[in-house]
Each structure stands twice: as C-alpha cells, then as structure tokens.
Amino acid sequence: MLKKLLAVLGTLALVLGLVALVAGPASAHNHTVSASCAAGVSVDLTYYATGDASKHNTVTVWIDGVKVTDNPSFGGSFSQTYPFSTGHASHSYRVLVTAYDNNAAYGFDTGVVTVSGCETEITPAVATSTNPYCTAAGVVGGGGYTIPTQQSGVQYQLWNAGTSAWSNIGAGTYGANPGAVIKIQAIPAAGYKFKQGATATWTFTLTSPDASKCVVPVAPTSYDSACTATPGSSTTATYTVPNAPEGYSYFLQGSGTPLAGGTVEVTTLPSTVVIVVTVNAGYTFPAGTITTWTFHFSSPGDCHKDVVPAAVVSNPAACTAPGVSSDNGFTITATPGVIYHLSTDTTPLAAGFHSLGSGASSVEIQATAEPHYVLTGTTVWPFTFAVAADCLIKVPAGDPVFVDGVCDATHPGVATFGTYTVILAAHVHYVASVNGSTPPTPLVVGVANQAQPGDVVVITPIADAGYLVSPAIASEKLTHTFAVPGDCLVNVSFVKPSATSQSCVVTGLDDLEKADVTHTLTDAFITIPSTPHVTYFINDVEQATAGNVVLKPGTYKVSAAAETGYVLDGYDGPWTEELTSAEPCGDLITHPLVFPLASQHQLGCFANGSYTLSNSINDAAALTWTVNGSIVTPGTYSVGSAGTVTVHAAANGPSYGLETGATTDWTFHFVRPTSCDLTTLALTGSTPTGWIVFGYLLLVSGLALVAVRFARRREGQM
C-alpha cells in the first residue's frame with residue numbers, strides 16, 4: 001500500500017511541477033467593445049498576458065476613419081473611452097487588438113462598425129425686428145430685422161418674394177422699408193436637428209409712420225449780462241424764443257400759455273428761466289430730442305477792471321567804464337488806470353527814470369487805482385541804495401611759471417639752468433626782483449628768463465589804471481628760490497661676475513654595455529657680464545670684453561667701477577672668488593635593472609576578479625604604475641564588475657632601468673561566465689520568483705519520491 005501511495009504522490013508532484021513551469025498563470029483574455037452616440041466607443045481589455053520589454057500587446061482605434069489611439073501598447077489590461085464629435089448623423093469605428101502570446105486566439109478586429117441616429121439636438125436663436133421711427137425732422141428710418149449670431153448647426157434663410165425662394169443669410173442687422181413684410185426661417189445643418197417644439201420661422205410686418213409728422217424743435221438761446229470794455233458798464237441779459245411751427249409749442253415752466261417768438265430782456269438778476277417744448281397732437285419727436293432748456297442769469301457786478309501795475313524797476317549805480325559809475329535811481333513804466341507816487345507824497349510821478357544821485361539813500365514808491373479800476377499784484381516798491389562803487393575792473397593775473405634747473409639726461413653729471421616766465425593777462429604787466437635787486441626788472445610776457453641755482457626771484461603783477469588784480473596771487477606763487485640739482489650722477493645697475501670651478505665631464509653613458517666611458521676635466525673661469533656704463537676688474541686688471549675669463553684654480557679679487565657721470569647702484573664690492581680644482585672622476589654607478597610583473601584573476605559567477613602589480617626585485621620604488629590613466633602603488637586590486645583595465649609600467653630612472661625585452665603594457669578584460677545568466681530560462685506568462693520556484697520544488701520532490709520508490713523496489717528484488 002505504501003508503495004502505491006508513493007507512486008501516486010510522485011507522479012502527481014511531477015505533473016504539477018511541469019505544469020507550473022510550462023503553463024504559468026492562466027490568461028482569460030477578456031475583451032468588451034461598446035458604442036453609443038452619447039458616450040462614444042468604450043474599449044475594455046482584461047487578463048491579457050504580459051511580456052518583457054520586447055513583447056507587448058497593442059490596441060488601435062479608428063473613429064470616423066481617423067486613428068485616435070494614444071496608448072498603442074498595454075500590459076495585462078486596457079480601458080479607455082473615445083467620444084464622438086458633434087454634428088454628425090452617423091459615426092463609424094474600428095478596434096484592432098493584437099495579443100503577443102496568441103494573436104490568432106486572443107487578438108481581434110471589429111472591422112468598420114457604423115452607429116446611426118447621432119444628430120446633435122439644438123434650439124435656434126430667435127430672429128427679431130424693429131419698426132421704423134422718426135430719426136430726424138421729416139425723416140423716418142431705423143426699421144429692419146436682426147439675424148442672431150450664427151450657431152453651430154443652424155442656417156438662417158430669408159424669403160425672397162421676387163424669386164419665390166429661400167436664400168441663406170448671415171448674422172447681423174439689416175434695414176427694411178416701412179410696411180415691409182419679412183419672412184425668416186432656420187434650418188438645421190447636416191448632423192443636427194431642432195428640439196421638439198422649437199420655433200424655427202418668423203414673420204414680421206413693419207409699420208409705416210408719416211415722415212411729415214417727424215419734427216425737431218429749435219433750441220431757445222440766451223445771453224447773460226456782461227461787462228463791456230468801458231470800466232463800470234455792462235450789457236442787458238436776454239433770452240430768445242424761436243417762432244414755433246405747427247408741430248410743437250414753447251412754454252415757461254409751470255405756465256399753460258404758449259410763448260410767442262421773440263427776445264425777452266431779463267432785468268432782475270440773478271434769476272433762472274426754464275423753457276419747455278411740447279409736441280402737438282399727431283406729431284412725433286425723434287428719440288433723444290431735447291425738450292427743456294434752463295438759463296441761469298447773474299449780475300456781472302460793478303464791472304471794475306482789474307489791472308496789474310507795471311513793476312517799478314530799481315536802477316542802482318552801475319559802472320559805465322573803468323573807474324566811472326552812474327547815479328542810483330528808479331524807472332516807472334506808464335500803466336492805464338494806475339497812478340504812481342512816493343509813499344510820503346501823493347504827487348503823481350511821471351513815467352521814466354528818476355535819479356537819486358550817487359550817495360546812499362532809501363525810497364518807497366506806491367501805486368494807486370484810478371476810478372473803476374482795481375489793482376492786483378504788487379503795489380508798493382521799497383528800494384535801498386548804496387554808495388556808488390569805485391568801478392575798478394577785476395582782472396586775473398596768470399601765475400608765473402618757475403622751472404628749476406635739472407640734470408641733463410643726455411649728459412650725466414651736467415645740470416641745466418632754471419627759468420621763470422610770466423603769463424599774458426589783459427591790463428596787467430609784471431616786474432621781477434632777483435636776489436633783492438632794485439629797481440625791479442620789467443618782464444616780457446612769454447619769455448623764459450634764466451636763473452642760476454640758488455637765485456631768489458620775486459615777481460610783482462601791476463594792474464593798469466581803472467583795473468584791479470583779483471583774485472590776488474598768493475606770495476608763495478610769486479616768490480621762488482631755484483633749486484641746486486646736485487652732482488647729477490646717474491645710477492646704473494650692475495651684475496656681479498660669477499665664478500665656475502674645474503669640473504669632470506663624463507661621456508658615453510647612453511649604452512653602458514656597448515660604449516666606452518670617457519672623463520674630461522673642464523677649465524675654471526670667471527664670467528664677466530655685459531653691463532652698460534660699468535667696467536669690471538680681476539685682481540685690479542681691467543677686463544675690456546665680456547665673457548668667460550679662463551683662470552687657474554686659486555683665489556681672485558673681482559671688482560667693478562662706473563663710467564664718468566654714473567654711479568653704481570648698491571655696489572658691495574670688491575668680491576673674493578675661489579676657483580677650486582676638480583676631484584678625480586670616480587667609477588660609474590651601476591643602476592639595478594627590473595622586470596615589471598602583472599597578473600589577472602578572472603571574475604567568477606558570484607566572486608570578484610582581481611589583478612596584481614609587482615616587480616622582479618620586490619622594490620616598490622623601482623617602477624611607476626599607471627592603471628586606466630591614474631598612478632597606483634604595487635599590490636592586488638579587486639574587480640567587482642565586467643570591464644577593461646589598462647596597465648602601464650615605467651622605470652624610475654636614473655636609479656632604475658628595465659631589463660631587455662621587459663613587458664610594460666597589459667590589457668585585462670573582466671567578464672562573467674555566460675552559464676550564470678538566469679534570463680535564458682524559458683518562462684511563459686510569469687516570472688522566476690513565483691511559478692518557477694514553485695515548479696522546481698515540485699519537480700525535485702517528485703524526483704525524490706521516484707528515487708525512493710525505485711530504491712524500495714530494488715530492495716524487494718534482492
């Protein structure tokens with residue numbers, strides 16, 4: 001019995017495991033496509049199989065022959081509704097679905113399907129009319145009809161009695177003659193229909209007013225009282241009523257008696273007069289006609305004339321020529337309606353200049369109005385006058401120019417003379433005193449006068465008659481003591497000579513194995529620089545030319561001196577230079593040679609790889625290692641992912657060299673074994689995490705049970 005049970009369980013486990021591995025989760029592939037005029041087309045797809053990035057399901061939808069899908073691929077489900085556009089009697093659609101796992105079984109194509117009875121229901125806007133009316137005197141107009149702004153799906157038409165036919169008409173307001181009969185209808189456009197009971201026809205019969213009964217009243221006019229050009233007088237206020245024709249009448253507000261045409265004087269001021277007009281029976285005023293006029297009359301007052309007195313002008317004493325002055329005084333300008341006089345005297349003052357002499361004084365002029373005039377603005381002018389000036393004209397004098405003697409740049413050790421020069425100034429002349437000389441010496445403008453070092457020069461500017469030097473020149477700008485330039489020696493820079501002792505030169509080191517090595521003893525020398533205006537000496541002997549002076553080993557005195565007119569800048573000589581003998585050349589140093597060593601350990605399925613850098617003499621200072629362009633130290637480096645490592649080794653000369661034939665460059669390629677890639681397992685509609693793991697467990701369990709059963713059978717046979 002146990003054997004049979006084991007057999008059954010093993011077989012069942014094997015079958016279930018294989019089914020789980022091969023089949024995966026079941027895919028129902030449900031799909032629903034529905035359509036209506038109001039909702040459009042609805043597509044619902046569920047339980048479709050999913051794949052990797054290269055395997056997917058697609059859905060494509062056409063509405064009225066146009067592809068409208070915006071999500072052509074989907075996973076396990078897809079749901080979307082596509083509305084129909086308005087204004088169509090019918091619509092068509094097509095839905096095409098492709099299933100990646102089994103398109104023949106789960107994909108489908110609805111073909112082109114037509115949905116009828118989809119007209120859009122609307123209500124047309126109402127057409128209106130306007131009867132003719134009075135627009136002006138003797139004019140009737142304004143009649144017509146209005147077609148509403150065009151709606152989508154509505155077309156308005158007008159009946160043409162001449163052709164007995166309907167014609168399309170656009171939105172807007174149209175004029176029509178009085179008494180005209182207007183017929184309008186609205187018809188739906190293709191894809192639209194009117195709501196049940198909606199009005200779609202209109203008939204208008206316009207009225208016919210009598211244009212002769214259209215009247216417009218003439219407006220009354222008024223004139224307020226106003227002052228005339230003559231001070232103290234004014235005009236009379238009036239209002240004028242036009243002669244009324246048959247169609248209307250004028251009245252004073254509150255009176256029932258019509259007004260006769262004519263002009264009426266208004267003697268009571270202030271006062272208000274309101275005139276109204278009424279239309280007579282059978283007549284019509286156009287809309288907006290003015291029918292009331294209000295006139296406000298006011299008194300102009302005493303009609304005095306305002307006048308602004310011309311200002312009285314102060315004329316203080318002024319210079320008329322160098323040293324000459326005019327008198328103090330004031331000037332009056334005649335002004336109609338104004339009387340000018342002194343505030344202490346009412347006697348009128350005539351227009352023109354009034355002199356007060358050259359002394360100090362005070363005066364006040366006042367303005368008074370004549371009859372029927374009113375003064376505005378300033379009416380009093382007080383003036384205070386000072387004593388007339390001396391009228392000396394201030395003139396500037398130019399600062400003298402002093403130039404000290406300086407060292408001659410072209411002749412070292414030589415100084416130039418100093419100079420002093422006066423500047424041109426109108427109405428000014430100059431004199432100079434040199435070292436206290438008397439009398440002062442007159443100077444010519446613009447001429448440079450020579451001065452010896454240490455001279456004291458004093459210059460005095462003198463103004464012509466009627467003029468004054470101003471602003472005054474400060475004394476320190478007029479007096480100058482000329483500087484003494486000194487010895488005028490020019491500083492020159494110098495270069496200290498250099499000394500080079502004997503030395504040993506070794507040649508033939510390029511190839512230690514093939515070439516002979518030679519040693520040459522070089523001479524000792526002192527290098528004389530090439531420095532302008534400087535002479536060099538060795539042991540007090542002048543060195544005429546620059547360059548290397550070959551000498552025997554020993555101690556030497558080196559010095560420098562400047563040419564005439566020059567001085568050495570910061571000279572610290574003489575100097576003592578020692579030229580030493582070269583030591584005998586020794587044997588050449590033998591540098592160690594080295595082999596670079598680099599090795600690779602490849603990546604495993606689940607283990608890191610590595611590479612190791614070393615050398616044949618185990619000396620870390622022998623080589624410089626570069627990995628992927630970066631310098632590293634010797635050692636072992638772990639590599640955790642696939643990639644390429646480029647290695648280069650270079651000897652650290654001259655202490656180290658490379659052995660003949662040594663390798664200096666390596667390229668290591670790190671890759672994982674291909675047998676570790678789990679993505680090669682065949683999966684259908686599932687992932688390894690769920691069904692594959694479960695399937696493997698079942699398969700292993702089944703194999704184990706079969707193995708147990710087989711072992712028991714073998715035991716029974718034995």
Side-chain angles (χ1 to χ4, degrees), residues 403-418 453 483-593 621-622 624 650-658:
V403 179
D404 285 324
V406 295
C407 293
D408 188 345
T410 59
H411 299 85
V414 178
T416 63
F417 285 103
V484 178
D487 57 14
C488 291
L489 296 178
V490 177
N491 284 342
V492 292
S493 299
F494 68 93
V495 178
K496 179 181 177 182
S498 60
T500 303
S501 297
Q502 285 183 339
S503 63
C504 181
V505 178
V506 180
T507 58
L509 293 177
D510 293 341
D511 189 347
L512 298 178
E513 296 181 355
K514 298 179 180 180
D516 294 330
V517 178
T518 61
H519 309 81
T520 303
L521 186 66
T522 62
D523 291 329
F525 56 89
I526 293 176
T527 302
I528 302 300
S530 177
T531 305
H533 309 297
V534 179
T535 303
Y536 293 92
F537 302 86
I538 298 177
N539 288 344
D540 298 325
V541 177
E542 180 181 346
Q543 304 299 311
T545 58
N548 295 334
V549 179
V550 177
L551 300 169
K552 294 181 179 180
T555 301
Y556 295 88
K557 171 187 173 184
V558 181
S559 59
E563 295 178 0
T564 302
Y566 296 88
V567 62
L568 296 179
D569 185 11
Y571 179 65
D572 59 349
W575 309 279
T576 299
E577 300 291 350
E578 183 179 0
L579 302 179
T580 61
S581 299
E583 295 292 337
C585 295
D587 295 335
L588 294 177
I589 300 173
T590 302
H591 298 290
L593 300 181
T624 296
N652 291 328
S655 299
Y656 299 90
L658 294 174

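Quick caveat: nothing in here was measured; it's all calculated off a predicted structure.
E542 contributes no side-chain N or O that, together with a main-chain N or O of D540, makes up a donor-acceptor pair within less than 3.5 Å. Within the 3.5 Å criterion, the main-chain N or O of P412 finds no donor-acceptor partner in the side chain of Y566. The backbone N or O of V550 sits nowhere less than 3.5 Å from a side-chain atom of D523 that would complete a donor-acceptor pair. A donor-acceptor pair under 3.5 Å is absent between the side-chain atoms of S501 and the main chain of A524, judged by distance alone.
Y536 and P529 get closest at one heavy-atom pair: CE1-O, 3.6 Å. When every heavy atom of L593 is checked against every heavy atom of L658, the shortest pair comes out as CD2-O, 4.0 Å. Nearest heavy-atom pair, A621 versus Y656, reported as atom, atom and distance to 0.1 Å: O-CE1, 3.8 Å. Pairing each heavy atom of A560 with each of V534, the nearest pair is CB-CG1, 4.1 Å.
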Verdict with reasoning, C488 to V414, per side-chain contact (heavy atoms from CB on, under 4.5 Å): CA-CA 6 Å; C488 291; V414 178; 6.0 Å; no
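Residues F494 and D572 meet the side-chain proximity criterion, which asks for heavy atoms closer than 4.5 Å.
For the atom pair CD of Q502 and OG1 of T580, the computed distance is 7.5 Å after rounding to the nearest 0.5 Å. With rounding to the nearest 0.5 angstrom, the OH atom of Y556 is 7.5 Å from the CG atom of N539. E563 CD to L568 CG: the interatomic distance, rounded to the nearest 0.5 Å, is 10.5 Å. L579 CG to I526 CD1: the interatomic distance, rounded to the nearest 0.5 Å, is 5.0 Å. Once rounded to the nearest 0.5 Å, the distance linking OG1 of T555 with CD of E577 reads 10.0 Å. One distance of note links OG of S559 with OH of Y571; it measures 5.0 Å at 0.5 Å rounding.
More than 12 heavy atoms of other residues, nucleotides or ligands sit less than 6.0 Å from atom CZ of F537.
Between the side chains of D569 and S493, no donor N or O sits under 3.5 Å from an acceptor N or O.
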